[in-house]
Amino acid sequence: MAGEERAPGAEFRLDGRVAIVTGSTRGIGLGIALRLREAGAAVMRNGRTGLGAIAESVPETEALRTQSHQQEMPFHASDVSTPEGAAQLVAATLAAFGRLDILINNAGIQPAGAWSDASAESWDAVMNANARSVECVTRAALPALREAGRAAIVNIASVRAERPGMRMAHYSAAKAAVLALTRGLAAELGPLGIRVNAVSPGLVERPGLAESWPEGVARFTNDAPLRRLGRPADVAAACHFLVSPAADWITGANLVVDGGISLVR
């Protein structure tokens, strides 16, 4: 409202809101869950299996911070690429918190390999984990999001969706589907008070990446204008903005978080 006064930073607070973050046992998903929790949201984490070792999923400097919030963020294990698993996750969230305002569709897998060598089963696995999961969880969550009003969905896509790389055809196709679904849902769900946006990360740090793919890491850091890999916190900040009141008039957008690599290759 015109003339309404807010305390500095109030437009980024998420107090009283409830979020689901799929694929949040580690890495980008865990970083997003932590960021939303620190902004005041209640957060339900998700993965196909258990939590695993926290110490292995975040940098050492983040371990204490992660552990301090661990008990504040319940975890529900389910395969969200199936309607049943998605429905179970939403039901668990509503049982725990009574409402749902924010959905972050982050679950996915990123195998590399030549398309010509891929089996039909491996194609289905990539499409299901990365694209079908978005459809399943969004469909399951829709009644609760609609009831909440001013709800927000962020789908994690990839710079590979629009700039496919070698040996990434199946992953690129799945993430392109995520972008198309994001834009279609933004148009359809906007009149219901639900905003839908995407975040497309570039190469993001994860344990063992530099050791397993040193040439790729070196090439990215040399080529990217900002001269470093992304961090889970970089992607989390973008998601936080898009689900916050500060982004209340943004829907159907794709926020690229890639250190500028898309500018040069």
Side-chain angles (χ1 to χ4, degrees), residues 11-25 28-48 51 69-108 131-157 178 181-182 184-199 235-236 238-248 250-253:
E11 67 272 27
F12 295 104
R13 294 297 304 172
L14 301 174
D15 302 284
R17 308 192 80 188
V18 175
I20 287 174
V21 184
T22 68
S24 49
T25 57
I28 289 174
L30 179 57
I32 295 168
L34 285 168
R35 177 79 180 221
L36 299 188
R37 179 67 192 89
E38 291 178 344
V43 179
M44 175 66 77
R45 287 179 296 164
N46 158 262
R48 284 179 296 175
L51 283 169
H69 287 302
Q70 188 175 7
Q71 298 304 317
E72 301 172 1
M73 296 189 296
F75 179 86
H76 181 80
S78 64
D79 180 357
V80 294
S81 69
T82 69
E84 297 79 11
Q88 291 165 10
L89 172 60
V90 172
T93 303
L94 295 176
F97 300 117
R99 61 181 293 136
L100 178 61
D101 306 87
I102 295 166
L103 172 59
I104 309 290
N105 284 308
N106 172 72
R132 191 164 188 255
S133 63
V134 175
E135 197 278 336
C136 286
V137 182
T138 302
R139 186 176 296 277
L142 182 58
L145 293 171
R146 185 174 184 175
E147 183 177 349
R150 295 182 64 196
I153 300 170
V154 173
N155 300 323
I156 304 302
V178 171
L181 182 59
T182 296
L185 289 176
E188 186 170 337
L189 302 184
L192 305 180
I194 302 171
R195 298 185 298 106
V196 189
N197 293 291
V199 170
V235 182
C239 292
H240 178 195
F241 165 66
L242 286 172
V243 302
S244 75
D248 266 354
I250 299 175
T251 196

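What you are looking at is a predicted structure, and each value in this text was computed from that prediction instead of being measured.
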Peer 1: Might you point out which heavy atoms bring Thr182 and Asn197 nearest each other, and give the distance in Å?
Peer 2: CG2-C, 3.5 Å

Peer 1: Are the side chains of Arg146 and Leu189 in contact, using a 4.5 Å heavy-atom criterion?
Peer 2: no

Peer 1: If every non-hydrogen atom of Met73 is compared with every non-hydrogen atom of Arg37, which pair is closest and at what distance?
Peer 2: SD-CB, 3.8 Å

Peer 1: Are Asn106 and Val235 packed together at the side-chain level, in the sense that at least one heavy-atom pair is separated by less than 4.5 angstrom?
Peer 2: no

Peer 1: For the atom pair CG (Leu185) and CD (Glu135), what is the distance rounded to the nearest 0.5 Å?
Peer 2: 8.5 Å

Peer 1: Taking the side chain as every heavy atom from C-beta outward, state whether Asn46 and Ser78 have any atom pair closer than 4.5 Å.
Peer 2: yes

Peer 1: Please answer whether the main-chain N or O of Ile250 pairs with a side-chain N or O of Arg195 as donor and acceptor at a distance below 3.5 Å.
Peer 2: yes

Peer 1: Nearest 0.5 angstrom please: Leu103 CG to Asn155 CG, how far?
Peer 2: 7.0 Å

Peer 1: Could you measure the distance from the CG atom of Leu192 to the CZ atom of Arg150? Nearest 0.5 Å is fine.
Peer 2: 15.5 Å

Peer 1: Taking C-beta and beyond as the side chain, do Cys136 and Val80 meet within less than 4.5 Å on heavy atoms?
Peer 2: no

Peer 1: Just say parallel, tilted or perpendicular for the rings of Phe12 and His240, cut-offs at 30° and 60°.
Peer 2: perpendicular

Peer 1: Taking all non-hydrogen atoms of both residues, which atom of Val243 and which atom of Arg17 are closest, and how far apart?
Peer 2: O-NH1, 3.1 Å

Peer 1: Ignoring hydrogens and angles, tell me if any N or O in the side chain of Arg35 forms a donor-acceptor pair with the backbone of Cys239 under 3.5 Å.
Peer 2: no

Peer 1: Taking all heavy atoms of Val43 and all of Pro74, pick out the closest pair and write down the distance.
Peer 2: O-CD, 3.3 Å

Peer 1: Would you say that Pro83 contacts Arg132 through its side chain, given a criterion of any heavy-atom pair below 4.5 Å between the two side chains?
Peer 2: yes

Peer 1: Check Thr22 against Ala107 and note the closest heavy-atom contact, atom names and distance.
Peer 2: OG1-N, 2.9 Å

Peer 1: So do the side chains of Arg48 and Ser81 get within less than 4.5 Å of each other, counting heavy atoms only?
Peer 2: no

Peer 1: Run the side chain to side chain contact (heavy atoms under 4.5 Å, CB included) test on Leu181 and Thr138 for me, step by step, so that the C-alpha distance in whole Å, both residues' side-chain angles and the decisive distance to 0.1 Å come before the verdict.
Peer 2: CA-CA 11 Å; Leu181 182 59; Thr138 302; 5.9 Å; no

Peer 1: Supply the atom-to-atom distance Ile102 CD1 to Leu14 CG, rounded to the nearest 0.5 angstrom.
Peer 2: 4.5 Å

Peer 1: Are any non-hydrogen side-chain atoms of Leu100 and Glu147 less than 4.5 angstrom apart?
Peer 2: no

Peer 1: Are any side-chain N or O atoms of Asp79 and backbone N or O atoms of Gly85, one a donor and one an acceptor, separated by less than 3.5 Å?
Peer 2: no

Peer 1: Starting at CG of Leu89, measure out to CG of Leu94 and round the result to the nearest 0.5 Å.
Peer 2: 9.5 Å

Peer 1: Can you measure from CG (Leu145) to CD1 (Ile194) and round to the nearest 0.5 angstrom?
Peer 2: 5.0 Å

Peer 1: Are the side chain of Asp101 and the backbone of Val18 linked by a donor-acceptor contact shorter than 3.5 Å?
Peer 2: yes

Peer 1: Taking side chain as C-beta onward, heavy atoms only, is Ile153 less than 4.5 Å from Val134?
Peer 2: no

Peer 1: Specify the closest pair of heavy atoms between Ala39 and Arg13, including all atoms of both residues, with the distance to one decimal.
Peer 2: O-CZ, 3.1 Å

